[in-house]
Asker: 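Take a look at this one; I'll ask things after.
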Amino acid sequence: MTKEKQGMHRNLTNYGDPEFSLYLRKAFIKAMGYTEDALNRPVIGITNTYSGYNPCHANVPEIMEAAKRGVMLAGGLPVEFPTISLHESFAYPTSMFLRNLMAMETEEMMRAQPMDAVILIGGCDKTGPAQLMAAASVDIPAISVVTGPMLSGTHRGERIGACTDCRRFWADYRAGAIDAEEVEEITNNLVPSGGTCGVMGTASTIACMTEAMGMMLPGGATIPAVLADRLRHAEVAGGRAVALAAEKLTPAKIMTKEALANALRILLAIGGSTNGIVHLAAIAGRLGIGIDYPAFDAMGRETPVLIDLKPSGQYYMDDLHKAGGLAPILRELRPLLNLDCLTITGRTLGEEIDNLPKPYEQDVVRTFDSPIHSGGSIAVLGGNLAGNGAIIKQSASTKELLVHTGRAVVFDSVEDLSKRIDDPDLDVHENDVLVMRNAGPRGAPGMPEAGYIPIPKKLAQQGVKDMVRISDARMSGTAFGTIILHVSPEAAIGGPLALVKNGDSITLNVPDRLLILHVTEEELQRRRGQLIPAADTSTMRGYLRLFHEHVTQAEKGCDFDFLSANRIRETTP
Ligand code: FES
């Protein structure tokens, strides 16, 4: 059996003579001042996702410095390398459109360059998932370190934070409750420090799921970006990466279907972002694991929401950290978790929970018996309008709207919505159901976070705060409302939303998990025959064309079909 190559001997550039390749590689890297001793150490790659366009990653340079220190203290050689960095507000047309590009780039750079283990520094919404997708495919030892949440800020004495309050203030502005001058003032304090969104949005959801599935050291998910603890965590992760390289503890040994089920359990218990399920499906798909949506829904029914955090509750991420981070949540959920799962520490999740610091009094994480919300934070809907299974974050919905029948008001695209939603002549009433289509993975493209359809201005001004809203889009984890998302197949490829007409009657019944379009099957069949065929990709070029031709639907994680494993071997949860 050939011995696996280590350090600088790995992944040699192919010149047809491996010894020449190594000699040349050494000659070049020595130009950076390395000694022979340094080059003979285990090599630990560190992804550099710093970007002037990414304030959520503002602290990446310090984190890298701390991680390098940890690697060197443990006898390894840290080598940073750049990858794409994605920030939600600086990614046209959407960050989701680019997530797979980041996953591909990270994967190929991990394959192309010599590294015995890798430290993945992510944070903003799509970066962590992209890195885990890459790690799952390459399967070299990998450890996740996130940049951590931002601090909360204040506005005129009121505590605020991105981005649940961003949406609330914007809704107030649309309703005429605050003026443009105050909006300007608010932008100075909504994001008071570097780091990821300070509520349980997608970034924090993914961070908590990553810790729960064992790919991050305990306690790492919630440490605020600006605290010294964040750097200490990175230093320890650096040391651990060197040990991982020696132990050959690879992601596939950690991200088993049981570990992914733990991540899904945490997603539900933290009232996490609906994006969490899409990203987990993509990561799982890389490992040949499918998501069993009915089982996920059943898991939701027995998993209460335990944390009192925005957007489902009142607190911010820095409060969750002070309350113990993920520790009190894991402690409460212990009987429902798969405790035998191996984690990045080399110990099982059960052992890690046994090692948690002693609990103390706090009011951010509730007990299992007195939750914030029971009955599942995310519900999976069936019915003729839900296609392969739409989802709703019921913990962030208006209770009175969870069973509702209304008249459809249809928008054909995100552009159509923005053109007409505030038209004073729009035929729309409080009890109607707003439907937006062609905002799925291919339709938009990139499945934008446009599912948070704004309340039409004329209704907002009358004090209407929520309506039933349905789309094939996603929604930011920081948003709230009675919003049905991820209807699949999307309208752009002939999914059920494509068949809805203005004035149709729609029923949402969350307790029964139903989304029904009250139109006969004969009529639906007739409408199907009139649909315009999906966009012709032959006129597209580059990444856009690749995306259109290969992106999968929401339930498969919107990964590219050729990047997922060749076959689904098993399902989770
Ligand atoms: Fe980066 Fe919210 S915009 S985490």
Asker: Do any pairs count as a salt bridge (charged side-chain N to carboxylate O under 4.0 Å, His left out) and have a residue in residues 119-131, sequence neighbours left out, and if so which ones?
Answerer: Glu88-Lys126, Lys126-Glu449
Asker: OG of Ser85 to OH of Tyr50: how many Å apart, nearest 0.5 Å?
Answerer: 9.5 Å
Asker: With a 4.5 Å limit on heavy-atom distance, are the side chains of Val199 and Leu309 in contact?
Answerer: no
Asker: State, yes or no, whether a side-chain contact exists between Lys30 and Leu39 at a heavy-atom distance under 4.5 Å.
Answerer: yes
Asker: Before giving the answer on side-chain contact (heavy atoms from CB on, under 4.5 Å), spell out for Asn11 and Gln113 the whole-Å C-alpha distance, their side-chain angles and the decisive distance to 0.1 Å.
Answerer: CA-CA 6 Å; Asn11 308 340; Gln113 300 165 142; 5.8 Å; no
Asker: Less than 4.5 Å apart, any side-chain heavy atom of Leu349 and any of Asn338?
Answerer: no
Asker: According to ring-ring contact (aromatic ring centres under 6.0 Å, His included), who are the partners of Tyr23, at least two apart in sequence or on a separate chain?
Answerer: Phe20
Asker: Which pairs count as salt bridge (charged side-chain N to carboxylate O under 4.0 Å, His left out) when at least one residue sits in residues 209-223, sequence neighbours excluded?
Answerer: none
Asker: Atom CZ of Arg111 and atom CG of Asp139: how far apart are they, to the nearest 0.5 Å?
Answerer: 9.5 Å
Asker: Rounded to the nearest 0.5 Å, what separates atom CG in Asn275 from atom OG1 in Thr202?
Answerer: 3.5 Å
Asker: Hey, mind stepping through His486 and Met475 against side-chain contact (heavy atoms from CB on, under 4.5 Å) and telling me if it holds?
Answerer: CA-CA 9 Å; His486 309 181; Met475 175 173 86; over 6 Å; no
Asker: Does Gly324 offer a backbone N or O that forms a donor-acceptor pair with the side chain of Tyr360 under 3.5 Å?
Answerer: yes
Asker: For Asp340, is the CG atom crowded, meaning more than 12 foreign heavy atoms sit under 6.0 Å from it?
Answerer: no
Asker: State, yes or no, whether a side-chain contact exists between Phe296 and Leu280 at a heavy-atom distance under 4.5 Å.
Answerer: no
Asker: Can you name the nearest heavy-atom pair linking Met255 to Leu132, along with the distance?
Answerer: CE-O, 4.0 Å
Asker: Name all residues meeting the salt bridge (Lys or Arg N to Asp or Glu O under 4.0 Å) criterion together with Lys26; count only those two or more places apart in sequence or in a different chain, and write none if there are none.
Answerer: Glu36
Asker: Using a 3.5 Å distance criterion without hydrogens, assess whether the side chain of Glu490 forms a donor-acceptor pair with backbone atoms of Arg442.
Answerer: yes
Asker: Please determine whether side-chain contact (heavy atoms from CB on, under 4.5 Å) holds for the pair Val71 and Ile119, giving the CA-CA distance in whole Å, both sets of side-chain angles, and the decisive distance to 0.1 Å.
Answerer: CA-CA 10 Å; Val71 170; Ile119 301 171; 3.9 Å; yes
Asker: Tell me which donor-acceptor pairs under 3.5 Å the side chains of residues 282-290 have, and how far apart each pair is, sequence neighbours excluded?
Answerer:
{"unit_1": "Arg286", "atom_1": "NE", "unit_2": "Asp559", "atom_2": "OD2", "d": "2.6"}
{"unit_1": "Arg286", "atom_1": "NH1", "unit_2": "Glu107", "atom_2": "OE1", "d": "3.1"}
{"unit_1": "Arg286", "atom_1": "NH1", "unit_2": "Met133", "atom_2": "O", "d": "3.3"}
{"unit_1": "Arg286", "atom_1": "NH1", "unit_2": "Ser137", "atom_2": "OG", "d": "2.8"}
{"unit_1": "Arg286", "atom_1": "NH2", "unit_2": "Asp559", "atom_2": "OD1", "d": "3.3"}

Asker: For residues 41-57, which residue pairs qualify under salt bridge (charged side-chain N to carboxylate O under 4.0 Å, His left out), counting only residues two or more places apart or in two chains?
Answerer: Asp37-Arg41
Asker: Counting N and O atoms only, with roles assigned by atom type, does the side chain of Thr196 sit under 3.5 Å from a partner on the main chain of Gly148, one being a donor and the other an acceptor?
Answerer: yes
Asker: Return the set of residues passing salt bridge (Lys or Arg N to Asp or Glu O under 4.0 Å) with Lys393 (not counting sequence neighbours), or none when no residue passes.
Answerer: none
Asker: Got a sec, which residues hit side-chain contact (heavy atoms from CB on, under 4.5 Å) with Glu80, two or more places apart in sequence or on another chain?
Answerer: Ile46, Asn48, Met64, Lys68
Asker: Whether the side chain of Asp292 engages the backbone of Thr571 through a donor-acceptor N/O pair (distance < 3.5 Å, no angle test) should be reported.
Answerer: no
Asker: For the residue pair Gly7 and Val43, what are the closest heavy atoms and their distance?
Answerer: CA-CG2, 3.7 Å
Asker: Report the residues that fulfil ring-ring contact (aromatic ring centres under 6.0 Å, His included) with His87, sequence neighbours left out, ordered by chain and then residue number.
Answerer: Phe90
Asker: Once rounded to the nearest 0.5 Å, what's the spacing between atom CG of Leu260 and atom CD1 of Ile291?
Answerer: 7.0 Å
Asker: Which residues pass the side-chain contact (heavy atoms from CB on, under 4.5 Å) test with Phe560, sequence neighbours left out?
Answerer: Asn100, Met104, Tyr543, Leu546, Phe547, His550, Val551, Phe562, Leu563
Asker: Are any of the side-chain heavy atoms of Ile329 and Leu320 separated by less than 4.5 Å?
Answerer: yes
Asker: Considering all heavy atoms of both residues, which atom of Leu231 and which atom of Ala66 are nearest to each other, and what is their separation?
Answerer: O-CB, 3.3 Å
Asker: Answer whether the closest heavy-atom distance between the side chains of Met96 and His279 falls below 4.5 Å.
Answerer: yes
Asker: Please list all pairs passing the salt bridge (charged side-chain N to carboxylate O under 4.0 Å, His left out) test where one or both residues lie in residues 253-273, with sequence neighbours left out.
Answerer: Arg265-Glu302
Asker: Going through the distances and angles, do Leu264 and Ile277 end up as a side-chain contact (heavy atoms from CB on, under 4.5 Å)?
Answerer: CA-CA 7 Å; Leu264 289 172; Ile277 182 78; 3.7 Å; yes
Asker: Hey, is the main chain of Ser488 close enough, under 3.5 Å, to the side chain of Glu555 for a donor-acceptor pair?
Answerer: no
Asker: Which heavy atom of Asp297 sits nearest a heavy atom of Ile378, and at what distance?
Answerer: OD1-O, 4.4 Å
Asker: Ignoring hydrogens and geometry, is there a side-chain-to-backbone donor-acceptor pair from Thr94 to Phe97 under 3.5 Å?
Answerer: yes
Asker: Hey, does the side chain of Arg25 reach the backbone of Met8 with a donor-acceptor pair shorter than 3.5 angstrom?
Answerer: yes
Asker: With Cys124, which of Ser95, Cys56, Pro55 fulfils side chain to side chain contact (heavy atoms under 4.5 Å, CB included)?
Answerer: Cys56
Asker: For a 4.5 angstrom cut-off between non-hydrogen side-chain atoms, does Leu333 reach Phe368?
Answerer: yes
Asker: How long is the straight-line distance from CD of Glu332 back to CD1 of Ile307, given to the nearest 0.5 Å?
Answerer: 13.0 Å
Asker: Ignoring hydrogens, what is the shortest heavy-atom contact between Pro141 and Leu244? Give both atom names and the distance.
Answerer: CG-O, 3.7 Å
Asker: Any side-chain heavy atom of Asn54 within less than 4.5 Å of one from Thr49?
Answerer: no
Asker: Under 3.5 Å, side chain of Ser193 to main-chain N/O of Leu151, donor-acceptor pair present?
Answerer: yes
Asker: First locate atom CD of Glu235, then atom CD1 of Ile63, and finally report the distance between them rounded to the nearest 0.5 Å.
Answerer: 13.0 Å
Asker: What heavy-atom pair brings Met110 and Ala135 nearest, and what distance separates the two atoms?
Answerer: CE-CA, 3.9 Å
Asker: Write out all pairs satisfying side-chain hydrogen bond (donor to acceptor under 3.5 Å, both in side chains) with one or both partners inside residues 141-153, taking only residues at least two apart or from two chains.
Answerer: Ser152-Arg159, Ser152-Asp318
Asker: I'd like to know if the side chain of Arg230 reaches the main chain of Gly220, judged simply by a donor and an acceptor atom lying under 3.5 Å from each other, with no hydrogens or angles considered.
Answerer: yes
Asker: Donor-acceptor pair, Arg334 side chain versus Ile353 backbone, under 3.5 Å?
Answerer: no
